[in-house]
Peer 1: 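Below is a structure I'd like to ask you about.
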Amino acid sequence: MLTRVWAGTTRPRWTVTVVRHEPASAHADPLSGLTEAELVTACLAGQRDAFAVIVERHRRSVYQLCYRFVGNHEDASDLSQEVFLRAFRGLKGFKGQSTLATWLYRIGVNTCLNRVSVNVPVTEPLDARPHQALGDDPSTTLIRDERRARVRAAIARLPRKQRATLILRAYQELSHREIAEILGSSVGAVKANFFHALGNLKKILEGQSV
Amino acid sequence: MKHLSEERLLELLEDGASEAGHLETCTVCRERFEALRQTMGLLRDDPVPEPSPLFWQHLSERVRLAIDGAADEPHSVTWGTRRRWHWALAGATAVGIAVLVVVASQRVQQTGSVAERVGSSALPVASAAPEDLAWAIPVDDSWAMVVDVAEGLDLESAADAGLVVRPGSIDQALLRLSDEERRDLAGIIQAELDRLSL
C-alpha cells in the first residue's frame with residue numbers, strides 16, 4: 001500500500017525505519033581531485049565511484065540540455081540518466097580528443113534528438129512549474145508562461161541541426177567552436193545554422209501570431 | 001549601400017561588433033538586426049526551472065543504479081522483482097532521509113538541543129509519534145506516503161543498497177519537515193515507483 005489517508009483528527013501511530021544514506025561524496029572524496037583523464041582511467045580500471053564524480057560534475061549541464069529538448073522535468077530526468085548510462089558504456093571510446101563536457105554534450109544531443117524525433121515534446125504542466133514570485137501579477141505570469149511555451153514549441157519545429165545549434169548556443173552558451181565539435185560541423189556551418197535557426201524561429205512564431 | 005553579411009549581423013548580435021554605425025544609416029540591416037535581437041530576447045526569457053535540491057543526488061543515484069543494473073544484469077534476473085524494487089526504493093528513500101537528517105541536525109544545533117542517539121548499531125527504530133510533537137503531524141497524502149515507504153523499508157533491503165541504518169532523531173526530523181520538503185520527498189519516492197511501474 002503506497003498511500004494512507006487518516007480520517008478526521010485521529011492521530012496516527014506509526015513505525016519508521018530510519019535510514020541515513022552514506023553520501024556518494026564520502027566515497028568520492030579521494031577521487032574528487034582527479035582530472036577528467038584520471039577519472040576516465042579510473043573508471044576503465046573498474047572504479048565506478050570515479051564515474052559518480054563525473055556524473056556529479058556534469059549532471060546539471062546534461063539535465064539542462066535535456067530539458068531544453070523536451071521541455072519537462074520528467075523526460076529530462078530520464079534522458080539525463082540515459083545520457084550518463086550511454087557515456088559509461090561508451091567510455092572506452094573516449095580518447096580525450098575533446099573535453100569530457102563536449103563528449104557528454106555530443107551524447108546528450110544525439111540521445112535527445114533520437115527521443116524527440118519520435119515524441120512530441122511535452123511542455124511542463126503549469127502546476128509543475130515553480131511558484132510565481134510574491135508580487136508577480138498572475139495575468140503577467142500566465143502571459144509569460146504561454147509565451148515561453150510557444151517559443152519552446154517553435155524550437156521543436158526547427159530542423160534537427162538548427163535546433164541543436166540554437167539550444168547549444170543560446171541556452172548552453174557554448175562557443176561556436178565547441179558546438180562545431182559536438183555536432184561534427186565546421187565553425188562556419190554552426191554560425192550559418194544559428195543564424196537561420198533564429199530566422200526560422202521568428203517565422204514560426206509570427207505564424208502563430210506571437 | 002552594401003549590406004552586412006549574415007556573419008557580420010551575427011557577430012553584432014553576439015559580440016557587439018563595430019558595425020553599429022552602419023545600422024544607423026541602413027534601414028534594411030537595422031530591421032534584420034532588430035529581428036534577430038528580439039528573437040534572442042525571447043529565448044533568454046526562459047530559464048530552466050531549478051529542480052528540487054533533492055533532485056541532483058537522486059539523479060546520481062538513478063545513474064548508479066542503472067549502471068549497476070546493466071553491469072549485474074545476469075544476477076539481477078535471479079534476484080526477483082521484489083528485491084530490486086526494495087533496492088531501488090531504498091536508494092530513493094535514503095536520499096530523502098539523508099536530507100531530513102541534515103535538516104533536523106542543523107535545526108537541532110540551532111536551538112541548542114541534542115538529538116538523542118539510541119546507539120551506533122544498525123537497527124530499525126520503532127517509535128510512536130511523541131505526544132509533545134503530535135501537533136506537528138500534517139495529515140495529507142504526501143506525509144502518509146513518506147511514512148509508508150519508511151515502514152516498508154526493511155534492514156535487508158537497506159543493506160543491499162549499501163545503506164547504513166542509524167536510529168536516532170528521525171522522529172524529530174520527519175516532524176520538522178516543511179510542507180515543501182515533505183512534498184519533495186514524496187515526489188522523489190513517487191517518481192521512483194512510477195519509473196519501476198509499480
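Chain A is the first sequence line, chain B the second, and so forth, proteins listed ahead of strands; every chain is numbered from 1.
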Peer 1: Can you tell which part of B:Leu43 gets under 4.5 Å to a heavy atom of chain A, answering side chain, backbone, both or neither?
Peer 2: both
Peer 1: Given a strict heavy-atom distance threshold of 4.5 Å, which part of A:His58 is in contact with chain B: side chain, backbone, both, or neither?
Peer 2: neither
Peer 1: Let me confirm one number: the CZ-CD1 distance from A:Phe88 to B:Ile67, rounded to the nearest 0.5 Å.
Peer 2: 5.0 Å
Peer 1: Which of the residues A:Val55, A:Ile155, A:Leu198, A:Val83 is involved in the greatest number of heavy-atom pairs with chain B at under 4.5 angstrom?
Peer 2: A:Leu198
Peer 1: Can you tell if the side chain of A:His73 reaches within under 4.5 Å of the side chain of B:Pro49, non-hydrogen atoms only?
Peer 2: no
Peer 1: If the threshold is 4.0 Å, N to carboxylate O, is there a salt bridge linking B:Arg62 and A:Glu82?
Peer 2: no
Peer 1: Do B:Glu11 and A:Lys191 have side chains that get closer than 4.5 Å, going by heavy atoms?
Peer 2: yes
Peer 1: Do the non-hydrogen side-chain atoms of B:Val48 and A:Tyr171 ever get within less than 4.5 Å of each other?
Peer 2: no
Peer 1: Can you check side-chain contact (heavy atoms from CB on, under 4.5 Å) on B:Asp68 and A:Arg48, steps first, answer last?
Peer 2: CA-CA 9 Å; B:Asp68 287 352; A:Arg48 288 192 198 170; 2.5 Å; yes
Peer 1: My understanding is that only one of A:Arg147, A:Arg152, A:Arg144 makes a side chain to side chain contact (heavy atoms under 4.5 Å, CB included) with B:Asp46; could you say which?
Peer 2: A:Arg152
Peer 1: Return the minimal non-hydrogen interatomic distance between A:Phe195 and B:Arg32, and the atom names on each side.
Peer 2: CZ-NH2, 3.5 Å
Peer 1: State the CD-CZ distance between B:Glu50 and A:Arg60, to the nearest 0.5 angstrom.
Peer 2: 4.0 Å
Peer 1: I'd like to check A:Leu201 versus B:Leu42 (side-chain heavy atoms, cut-off strictly below 4.5 Å). Are they in contact?
Peer 2: no
Peer 1: Distance-only, no hydrogens or angles: does the A:Arg148 side chain make a donor-acceptor pair with backbone N or O of B:Asp45 under 3.5 Å?
Peer 2: yes
Peer 1: Tell me, with the steps shown, if B:Ser60 and A:Phe84 meet side-chain contact (heavy atoms from CB on, under 4.5 Å).
Peer 2: CA-CA 9 Å; B:Ser60 289; A:Phe84 283 116; over 6 Å; no
Peer 1: When rounded to the nearest 0.5 angstrom, what is the spacing between CZ in A:Phe194 and CG in B:Leu13?
Peer 2: 6.5 Å
Peer 1: Do you know which of B:Glu7, B:Met40, B:Glu14 has the most heavy-atom pairs under 4.5 Å to chain A?
Peer 2: B:Glu14
Peer 1: Given that the side chain runs from C-beta out, which part of A:Arg68 has a heavy atom under 4.5 Å from chain B: side chain, backbone, both or neither?
Peer 2: side chain
Peer 1: CZ of A:Arg177: more than 12 outside heavy atoms within 6.0 angstrom?
Peer 2: no
Peer 1: Can you confirm whether B:Val63 sits close enough to A:Phe51 that some side-chain heavy atom of one is under 4.5 Å from a side-chain heavy atom of the other?
Peer 2: yes
